[in-house]
Structure formats: structure tokens, C-alpha cells
Amino acid sequence: MSINKQRVLFLCTGNSARSQMAEVLLKHRAGDRFEVYSAGTQPEAVDPRAVDALNRFGIDAADTAQLVANSINDFKAQQFDYVITLCNRATAECRSYEAAGKQLAWDFPDPKARSGCQPFSATLNEINDRLSMFLLVEAEPISSTSINSKSISSETATSTEPVKQLEPSAFYKCLTDDIRLKTLMLTHYHGELCVCELMQALEEDSQPKVSRNLAVLKKANIISDRKHGQWVFYRINAELPLWAKSVIAQTTENNISLIAAPLQRLAQMQGRPSKANFSKANSCN
């Protein structure tokens with residue numbers, strides 16, 4: 001094992017699909033730079049449909065045949081450079097993972113509950129796109145053309161999940177302001193951020209200005225908030241229609257240069273507020 005490799009742990013509830021796919025994909029794409037693991041807060045058997053999606057994606061069957069679900073307790077004494085949660089439940093249970101150098105909260109629909117002809121392939125494609133962004137931001141500087149971001153055809157990735165009511169004109173109007181657009185891109189990447197973190201990232205001295213733009217996004221139901229102590233954290237609304245989530249995801253993942261400097265400023269920020277859950281019982285140490 002190379003001592004230069006950074007260690008990544010993907011967390012989900014069951015470690016049966018999303019986290020397994022993320023682990024295999026990152027190993028496949030950047031195994032020379034990352035030592036990758038996955039685990040579940042309540043592990044269950046690996047779903048064969050996840051394995052099938054990986055094989056159809058082009059992953060060698062030998063790399064998927066021996067996949068097993070792991071418990072988060074198996075990694076309790078280990079340090080990781082990145083701990084990345086892939087579902088809201090795991091995020092809520094492990095908001096502050098003490099052994100993590102950096103923690104990210106990504107949320108992907110559960111393929112077991114998705115509609116459409118290829119729900120596991122659709123989720124796999126979304127995870128692959130997010131990993132492209134992760135590699136651009138977190139790995140050693142590399143050109144966008146050097147990333148082999150293999151995509152599943154649009155036919156395969158199509159989802160027919162029901163869309164909740166949201167006026168497209170109101171949604172797109174919220175994206176016309178630079179602060180609001182970059183706020184959505186930053187929260188898409190990090191999972192959730194508070195006002196002071198956004199001020200640091202965007203180099204904005206006026207808290208009322210940032211708060212006003214957050215209020216616009218919240219009124220439009222594009223973001224939601226969570227209060228923890230004196231802090232209020234903002235994230236992409238989990239109930240946002242899939243088409244709107246896709247717009248934010250595609251905008252971020254294909255225009256990462258727009259938030260490269262804000263991400264760097266955020267990484268250098270001292271004294272960032274703790275995102276830990278109130279419940280001590282849910283703390284992942």
C-alpha cells in the first residue's frame with residue numbers, strides 16, 4: 001500500500017448499493033491515488049442489481065464478485081482523509097465523524113425505491129458524475145480532458161420518478177444571481193453549509209446580503225435549513241424535483257472552475273462550526 005494514497009470511506013445505511021458502487025468506481029478510476037472503503041450504519045446484503053449495474057458499466061466481474069457489506073464499527077479506530085455519506089439517513093447519523101480529515105454529505109436517491117427501467121444504472125451514473133467533480137477538486141491538479149468519465153446512455157439513465165410542483169420560471173430566476181448560483185453549487189458539493197462558511201467561500205463581508213439570498217432560495221423551496229445550537233445549516237431541499245436537482249448537479253459538475261477558488265477558501269477556513277447531530281447516540285466515532 002502506497003503511503004501517499006489518501007483514504008476514503010463511503011457511508012450509507014445498508015452498504016448494499018450506493019456506497020458499494022461509489023467504492024468500486026473510485027477504485028476503478030483512481031485506485032492509484034486513493035485507498036477506498038465503504039460501510040453501512042446498518043449493513044445488509046449487497047444487492048445483486050448494484051453488482052449487475054457495475055458489470056454493465058464496464059467493471060470487471062472479478063472486482064465485484066467478492067463484494068460484502070461492512071459495518072461502520074469495523075472502521076472505528078481508523079483515520080480517513082475523506083468520509084463521504086451518500087444518503088440523508090447516514091448523514092444524520094454521522095454528521096461529525098471524528099476520524100475524518102474532511103467530511104462530505106452527498107445524497108443520491110435509493111435505487112431500490114426509484115422508478116424507471118434502469119434505476120441502479122441511473123444512480124450509478126449520477127455517482128460517477130459526482131466522482132468526476134470530486135477528482136477535479138480533491139485530487140492532484142489534472143485537466144478536465146484527462147478524466148475518463150464514462151457515461152451510461154441517456155436512455156439507460158432516464159428516470160420517471162414523479163415530479164413535485166415547482167414553477168420552472170421561478171426556479172431559473174433564482175439562479176440568475178451569482179451568490180445564489182454559487183451557494184447552490186457549494187452546497188451541492190459539501191452537502192450543507194452555514195452563513196459564515198458561505199461568507200468565507202464567496203468573500204462576502206455582508207452577512208445580511210448572504211442571508212437575503214438564502215432567504216430567496218428558501219422561500220422558493222430550493223434549499224432547506226437545519227438549526228444546530230447557534231448555527232443554521234443550509235442544504236439542497238431533499239424534496240426538490242429530480243429535474244431541478246439534476247440542473248444543479250450538472251451545472252456544478254460541468255463548471256467546477258466557477259467554485260474552485262471558493263472551495264479553496266473554505267478548505268482553509270479556521271474554526272468552522274461543527275455539524276454534529278444533537279444526539280450523542282447517533283455520533284459516529
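Bear in mind the structure is a predicted one, so any value in this text is a computation, not a measurement.
- Checking side-chain atoms of Asn237 against main-chain N and O of Ser224 turns up no donor-acceptor pair under 3.5 Å.
- More than 12 heavy-atom neighbours from other residues, nucleotides or ligands sit within 6.0 angstrom of CD on Gln78.
- Side chains of His188 and Ile259 form no contact here, defined as non-hydrogen atoms less than 4.5 Å apart.
- Residues Asp225 and Lys218 are in side-chain contact: their nearest non-hydrogen atoms beyond the backbone lie under 4.5 Å apart.
- Annotation for Phe233 and Glu192: closest pair CB-OE1, 3.8 Å, computed over non-hydrogen atoms.
- Looking only at side-chain heavy atoms (C-beta outward), Gln66 and Val46 stay at 4.5 Å or farther from each other.
- Within the 4.5 Å cutoff, side-chain heavy atoms of Thr251 are placed close to those of Leu181.
- No side-chain donor-acceptor contact under 3.5 Å links Asn15 to the backbone of Pro43.
- The CG atom of Leu131 lies 7.5 Å from the CZ atom of Phe134; values are rounded to the nearest 0.5 Å.
- In the hydrophobic clustering of ILVMFWY residues, with side-chain heavy atoms under 4.5 Å counting as a link, Val216 and Tyr172 come out apart.
- Of all the heavy atoms in Lys245 and Ala238, the pair that sits closest is NZ-O, 2.8 Å.
- Scanning both residues, Val210 and Glu204, for their nearest heavy atoms gives CG2-CB, 3.8 Å.
- In this structure, the side chain of Gln200 does not engage the main chain of Glu197 through any donor-acceptor pair within 3.5 Å.
- Rounded to the nearest 0.5 angstrom, Thr91 OG1 and Arg89 CZ are separated by 12.0 Å.
- Rounded to the nearest 0.5 angstrom, Ile236 CD1 and Thr252 OG1 are separated by 7.5 Å.
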Determine whether Leu124 and Leu25 satisfy the following criterion, side-chain contact (heavy atoms from CB on, under 4.5 Å), listing intermediate values before the conclusion. CA-CA 9 Å; Leu124 180 65; Leu25 280 176; 3.3 Å; yes
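- Remark: Arg130 does not engage Glu126 in a salt bridge, criterion side-chain N to carboxylate O under 4.0 Å.
- Shown here for Asn55 and Ala61, the closest heavy-atom pair between the two residues is ND2-CA, 3.6 Å.
- Atom NZ of Lys112 has more than 12 heavy atoms from other residues, nucleotides or ligands within 6.0 Å.
- Contact annotation: the side chain of Thr183 approaches that of Leu202 to within less than 4.5 Å [non-hydrogen atoms, C-beta and beyond].
- One finds the OG1 atom of Thr187 at 9.0 Å from the CZ atom of Arg235 (value rounded to the nearest 0.5 Å).
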Working for ring-ring contact (aromatic ring centres under 6.0 Å, His included), residues Phe75 and Tyr97: CA-CA 11 Å; Phe75 299 95; Tyr97 193 97; 9.1 Å; no
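- Formation of a donor-acceptor pair under 3.5 Å by the Lys5 side chain with backbone atoms of Gly31 is found in this model.
- Using a distance-only test at 3.5 Å, with no hydrogens or angles considered, no donor-acceptor pair links the side chain of Thr123 to the main chain of Phe120.
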Steps toward side-chain contact (heavy atoms from CB on, under 4.5 Å) verdict (Glu23, Lys27): CA-CA 6 Å; Glu23 176 189 352; Lys27 283 180 178 178; 2.8 Å; yes
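- For the pair Asp177 (side chain) and Arg180 (backbone), a donor-acceptor distance under 3.5 Å is present.
- Here OG of Ser246 is found 10.0 Å from CG of Asp129. Values are rounded to the nearest 0.5 Å.
- Salt-bridge annotation for Asp47 and Arg49: present, with a side-chain N of the basic residue lying under 4.0 Å from a carboxylate O of the acidic one.
- Looking at Val232 and Arg226, their side chains never come closer than 4.5 Å, going by heavy atoms from C-beta outward.
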Let me see the working for Asn255 and Met185 under side-chain contact (heavy atoms from CB on, under 4.5 Å), right down to the final yes or no. CA-CA 9 Å; Asn255 297 279; Met185 294 172 74; 4.3 Å; yes
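- Shortest non-hydrogen contact noted between Ser16 and Ala50 is O-CB, 4.0 Å.
- Residue Asp81 holds its CG atom at 10.0 Å from CD of Glu138, rounded to the nearest 0.5 Å.
- Leu198 is connected to Leu263 through a chain of hydrophobic side-chain contacts under 4.5 Å among Ile, Leu, Val, Met, Phe, Trp and Tyr, so both are in one cluster.
- Under a 3.5 Å cut-off, the side chain of Asp52 and the backbone N or O of Pro48 do not form any donor-acceptor pair.
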Between Arg212 and Ile179, is the side-chain contact (heavy atoms from CB on, under 4.5 Å) condition met? List the steps. CA-CA 10 Å; Arg212 282 197 302 271; Ile179 288 179; over 6 Å; no
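- With hydrogens and angles ignored, the 3.5 Å screen pairs no side-chain donor or acceptor of Lys102 with any backbone N or O of Ile84.
- Relative orientation of the Trp106 and Phe10 rings is tilted, given thresholds of 30° and 60° on the angle between their planes.
- Proximity of a side-chain donor or acceptor of Arg7 to a complementary backbone N or O of Gln79 within less than 3.5 Å is detected.
- With contacts defined as side-chain heavy-atom distances shorter than 4.5 Å, the pair Thr13/Asp110 does not qualify.
- Counting heavy atoms from C-beta on, the side chains of Phe34 and Leu135 come closer than 4.5 Å.
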Start with the C-alpha gap between Ser19 and Ser38, add the side-chain angles, then the distance that decides, and say whether side chain to side chain donor-acceptor pair (under 3.5 Å) holds. CA-CA 6 Å; Ser19 50; Ser38 67; 4.6 Å; no
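- Put simply, the side chain of Gln20 gets close to the backbone of Val68: a donor and an acceptor are under 3.5 Å apart.
- In terms of heavy atoms, Ala201 sits closest to Arg265 at O-NH2, 2.7 Å.
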